Amino acid sequence: MKLATPTYDLKNYSSVYEPREDTFLLLDALELENVYLKNLKPLFALEIGSGSGVIISSLSFIFEEKCLYFATDINPEACLATLNTASLNKCNVEVLNTDLSSGFINGIFDLLIFNPPYVITESEEYYTQAINKSWAGGNQGREVIDKFLRKLPEILSKRGICYLLLLKANDLQDVSNVVGKLGFKSKIILERKIIGEYLFVMKINR
Ligand SMILES: C[S@@+](CC[C@H](N)C(=O)[O-])C[C@H]1O[C@@H](n2cnc3c(N)ncnc32)[C@H](O)[C@@H]1O
């Protein structure tokens, strides 16, 4: 099934990440996993760091009303942009301005998606401007990723699946070892080389 890219309009949201190759790679991964996800029948889905909101809105095209959709972003303007995109596409998405999944009860999400800030930068870069939180990943591009991975066991339901966008420079083997120690399996399901970046989608489940 070909997933339609949701309509979005970021002209009033200048500090929000414009969908680009990493966003589209995750959308392609969801398209690839469409049958698997339909069989999973998730009840609660969360996108962390939803930015423009195109990914979580696109998800709702797969499951329609049978799933409850949530999104979080640490950037308040991204939360507004996500609400606007959901509304433009007639999707019901609950949006929370929070750090990762803080504020939700543990273990409810059957489906979790995160396109994190993954670029290798100085640690301080993340804190300078709202838009920098989209890409500044600090040491090895792993600072937000590692914080997220430590929370994964409490975010995912027992049957939950996570799709995580990574860069080659984030050290895929090490990420895989970290999630392994937390009791999860991981697999790269899609990769794409673009100018200056080599992107991967890792699928993680118990
Ligand atoms: C690479 S952008 C991805 C945006 C969108 N999901 C996409 O794929 O186009 C990363 C997003 O994560 C958000 N973010 C960064 N750190 C976060 C955190 N600790 N908790 C929640 N969101 C965060 C950023 O504000 C940004 O919107």
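Throughout, residue positions are numbered sequentially from 1 according to the sequence presented. Just so you know, these numbers come straight off a predicted model, no measurement behind them. In listed order, ligands and their atoms are each counted from 1.
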What atoms of ligand 1 come within less than 4.0 Å of a heavy atom belonging to [X]?
| X | answer |
| --- | --- |
| Thr98 | 20 (N), 21 (C) |
| Glu47 | 6 (N) |
| Ser134 | 1 (C), 2 (S), 10 (C), 24 (C), 26 (C) |
| Asn75 | 25 (O) |
| Ile55 | 8 (O) |
| Ser50 | 5 (C), 6 (N) |

So, [X] versus [Y]: side-chain donor-acceptor pair below 3.5 Å or not?
| X | Y | result |
| --- | --- | --- |
| Ser15 | Asn75 | yes |
| Asp22 | Tyr118 | yes |
| Asn205 | Tyr163 | no |
| Tyr126 | Glu143 | no |
| Ser157 | Asp110 | yes |

[X] to ligand 1: N or O pair under 3.5 Å?
| X | result |
| --- | --- |
| Tyr17 | no |
| Val144 | no |
| Tyr126 | yes |
| Glu18 | no |
| Asp22 | no |
| Phe114 | no |

Whether [X] side chain and [Y] backbone form a donor-acceptor pair below 3.5 Å:
| X | Y | answer |
| --- | --- | --- |
| Asn170 | Gln140 | yes |
| Thr7 | Leu88 | no |
| Arg159 | Leu40 | yes |
| Thr98 | Ser102 | yes |

Tell me, with the steps shown, if Phe44 and Tyr69 meet ring pair (Phe, Tyr, Trp, His ring centres under 6.0 Å). CA-CA 6 Å; Phe44 296 95; Tyr69 304 95; over 10 Å; no
Once you restrict to heavy atoms under 4.0 Å, what part of Ala130 touches ligand 1? Side chain, backbone, both or neither. neither
Closest non-hydrogen protein atom to [atom], residue and atom name please, with distance?
| atom | result |
| --- | --- |
| atom 9 (O) of ligand 1 | Thr23 OG1, 2.7 Å |
| atom 3 (C) of ligand 1 | Asn115 O, 3.4 Å |
| atom 14 (N) of ligand 1 | Ile74 CG2, 3.8 Å |
| atom 15 (C) of ligand 1 | Lys133 O, 3.1 Å |

Shortest reach to atom 25 (O) of ligand 1 by a heavy atom, considering only Asp73, Val54, Asp99: Asp73
Taking atom 4 (C) of ligand 1 as the point of reference, which of Pro116, Ser52, Ser101, Gly49 owns the nearest heavy atom? Gly49
Is Lys133 paired with Asp73 through a side-chain N to carboxylate O contact shorter than 4.0 Å? no
Can Leu100 be said to touch ligand 1, with heavy atoms closer than 4.0 Å? yes
Tell me, please: is Arg20 in heavy-atom contact with ligand 1, that is, under 4.0 Å? no
Between Tyr198 and Lys168, is there a cation-pi geometry (under 6.0 Å to ring centre, at most 45° from the normal)? no
Distance under 6.0 Å and angle within 45° of ring axis: Lys203 vs Tyr36: yes
